[in-house]
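These values consider heavy atoms only, across backbone and side chains, with no hydrogens, waters or symmetry-generated copies.
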Amino acid sequence: MGADRKFMIILVTVFLCTFLPTIASVPFPAEETPLVIKEVILETSKMYMWLSPVVHVSTVILLVALYGYGRKLGRIVDAYFGILFLFFAFAQHIAVTEHYGFVAVTGNLVMILIVGLFWMWETYKPRNEYAFHRLPMWRYWVLPFAFIAFWFPVGADLGPDLNPILLLTSSYGVAFCPTTPVVVAILTLIYPRVNKHLLTVTSLTGFLIGLFNAISLVVMPGYTLWMLFLHVPLIIVSLYGLLIPRIMIDRLSSLRSNGD
């Protein structure tokens, strides 16, 4: 079986994970699944938010160092993001809740676990080249979206909270949704010197989970329009990560045609 065919099987597996049921020690009807997931996310957020400042500061330090010494720090950055995704898979999607007992959100857990394993394999056999060359201006459109995700300005009531302190204490780094747009944005800025399989599986997972969050507006009580807005970077940047190979081919063809 060829490598491309194996990778397609992995992508199909990621998609099929969306149909895995959420497991709880207290039985619940299927229509309560959004409530179960909400309770898990609230519980895990309380448990791990103390880590947020550490991850914010370490990310900034790594990105600054990456800009100057990208080729030398590639494996460190790959391992850093790999550890974060493995953390998200388990820490964010397994909890003991008040109403449902032990709960595992298996679909998200397995999808993000696959992403984490891809990043750890990239650490072992690196293909990302973190060399930031001068790019056409349009390539930098992802940066405002990455900034919003890094800031993730939401309050306890899931409404807007534009306090600058959230640049240090938001759920970036302890939750998948605000972290992934930053990671995918970095990968698109080093494209095409990037592990394309890693970019694709990370972007696909981000896009699928982003769509589920959009659906939460109508199926999850308490989900706000502001939360939907804050998940736009996850959806848009992940979709761009999936489409950038096609976009680059089209732009190259357009430039050649104009040259002719």
Side-chain angles (χ1 to χ4, degrees), residues 1-23 33 37 74-75 77-90 92-93 104-130 139 141-142 145-146 149 175-177 179-215 231-254:
M1 186 183 295
D4 288 341
R5 187 175 179 184
K6 290 180 181 178
F7 183 62
M8 284 303 301
I9 291 174
I10 292 172
L11 294 184
V12 171
T13 301
V14 169
F15 176 76
L16 292 178
C17 284
T18 62
F19 298 99
L20 290 174
T22 295
I23 299 171
T33 299
I37 295 174
R75 279 188 168 174
V77 175
D78 290 336
Y80 178 74
F81 288 137
I83 291 169
L84 285 183
F85 282 118
L86 292 176
F87 171 80
F88 301 150
F90 294 100
Q92 195 182 1
H93 296 98
V105 185
T106 54
N108 286 8
L109 191 158
V110 176
M111 279 195 291
I112 300 172
L113 175 61
I114 292 172
V115 174
L117 293 175
F118 263 80
W119 277 92
M120 298 314 293
W121 183 253
E122 164 66 19
T123 303
Y124 177 63
K125 288 192 173 182
R127 294 168 63 186
N128 292 335
E129 293 184 21
Y130 294 100
R139 293 278 299 273
W141 73 268
V142 295
F145 289 91
F176 175 87
C177 293
T179 308
T180 303
V182 177
V183 177
V184 175
I186 293 170
L187 295 182
T188 64
L189 291 176
I190 63 172
Y191 188 92
R193 296 178 178 86
V194 69
N195 183 332
K196 295 180 177 63
H197 286 172
L198 175 70
L199 172 60
T200 299
V201 76
T202 306
S203 299
L204 177 61
T205 301
F207 183 65
L208 291 173
I209 292 179
L211 289 182
F212 293 144
N213 273 275
I215 296 171
H231 281 82
V232 168
L234 177 62
I235 298 170
I236 298 298
V237 176
S238 295
L239 180 60
Y240 175 57
L242 288 172
L243 296 179
I244 190 171
R246 182 73 259 174
I247 292 171
M248 296 299 290
I249 290 173
D250 289 345
R251 289 191 67 88
L252 183 59
S253 299
S254 177

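Across P126 and D78, no two heavy atoms sit closer than the pair CB-OD2, 4.3 Å. Heavy atoms only, all atoms of each residue included: L234 and I209 are closest at CD2-C, 4.3 Å. Closest heavy-atom contact between P181 and V237: O-CG1, 3.7 Å. Between T200 and L242 the shortest heavy-atom distance is O-CD2, 3.6 Å. Between V110 and C17, the shortest heavy-atom contact is CG1-SG, 3.4 Å. Taking all atoms of both residues into account, the shortest heavy-atom contact from S203 to G241 is OG-CA, 3.4 Å.
Judged as a side chain to side chain donor-acceptor pair (under 3.5 Å), not a single pair has a partner in residues 11-21 (not counting sequence neighbours).
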Inset, instruction - Run the numbers on F15 and I10 for side-chain contact (heavy atoms from CB on, under 4.5 Å), then give the verdict. - result: CA-CA 9 Å; F15 176 76; I10 292 172; over 6 Å; no

Inset, instruction - Please assess I112 against F90 for the test side-chain contact (heavy atoms from CB on, under 4.5 Å), listing each intermediate value before the final yes or no. - result: CA-CA 9 Å; I112 300 172; F90 294 100; over 6 Å; no

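Looking at T202 and F85, their side chains come closer than 4.5 Å, going by heavy atoms from C-beta outward. L84 is not listed as a side-chain neighbour of F176, based on a closest heavy-atom distance of 4.5 Å or more. Between T123 and F81 the shortest side-chain heavy-atom distance does not fall below 4.5 Å. Within the 4.5 Å cutoff, no side-chain heavy atoms of I83 are placed close to those of W119. Using a 4.5 Å heavy-atom cutoff, the side chains of F207 and L211 are in contact. Two residues are said to be in side-chain contact when any heavy atoms from C-beta on lie closer than 4.5 Å; I114 and M111 fail this criterion. When side chains are defined from C-beta on, R139 does not count as touching T188, because their heavy atoms never get closer than 4.5 Å.
One finds the CG atom of L189 at 11.5 Å from the OH atom of Y130 (value rounded to the nearest 0.5 Å). To the nearest 0.5 Å, the span separating NE2 on H93 from OG1 on T22 amounts to 9.0 Å. Here CD1 of I244 is found 7.0 Å from CG of L199. Values are rounded to the nearest 0.5 Å. Considering CG of L198 and CG of L117, their distance stands at 11.5 Å, rounded to 0.5 Å. A distance of 9.5 Å separates CG of N108 from OG1 of T205, quoted to the nearest 0.5 Å. How far CZ of R127 is from CZ of R193: 14.5 Å, rounded to the nearest 0.5 Å.
For Y240, the OH atom sits in a packed shell: over 12 heavy atoms of surrounding residues, nucleotides or ligands are nearer than 6.0 Å.
Qualifying side chain to side chain donor-acceptor pair (under 3.5 Å) partners for Y80, counting only residues two or more places apart in sequence or in other chains: S58, T59.
Of the possible polar contacts, none joining the E129 side chain to the V194 backbone as a donor-acceptor pair under 3.5 Å is found. Here the side chain of R75 pairs no donor or acceptor atom with the backbone of E122 at under 3.5 angstrom. The closest donor-acceptor contact from the side chain of T106 to the backbone of P21 lies under 3.5 Å. Side-chain N or O atoms of H231 include none that pairs as donor or acceptor with a backbone N or O of C177 at under 3.5 Å.
By the 30° and 60° cut-offs, the orientation of the rings of H197 relative to F7 is parallel.
No donor-acceptor contact under 3.5 angstrom links the side chains of Y191 and N128, judged on distance only.
Here the two rings, on F118 and W121, have centers that are 6.0 Å apart or farther.
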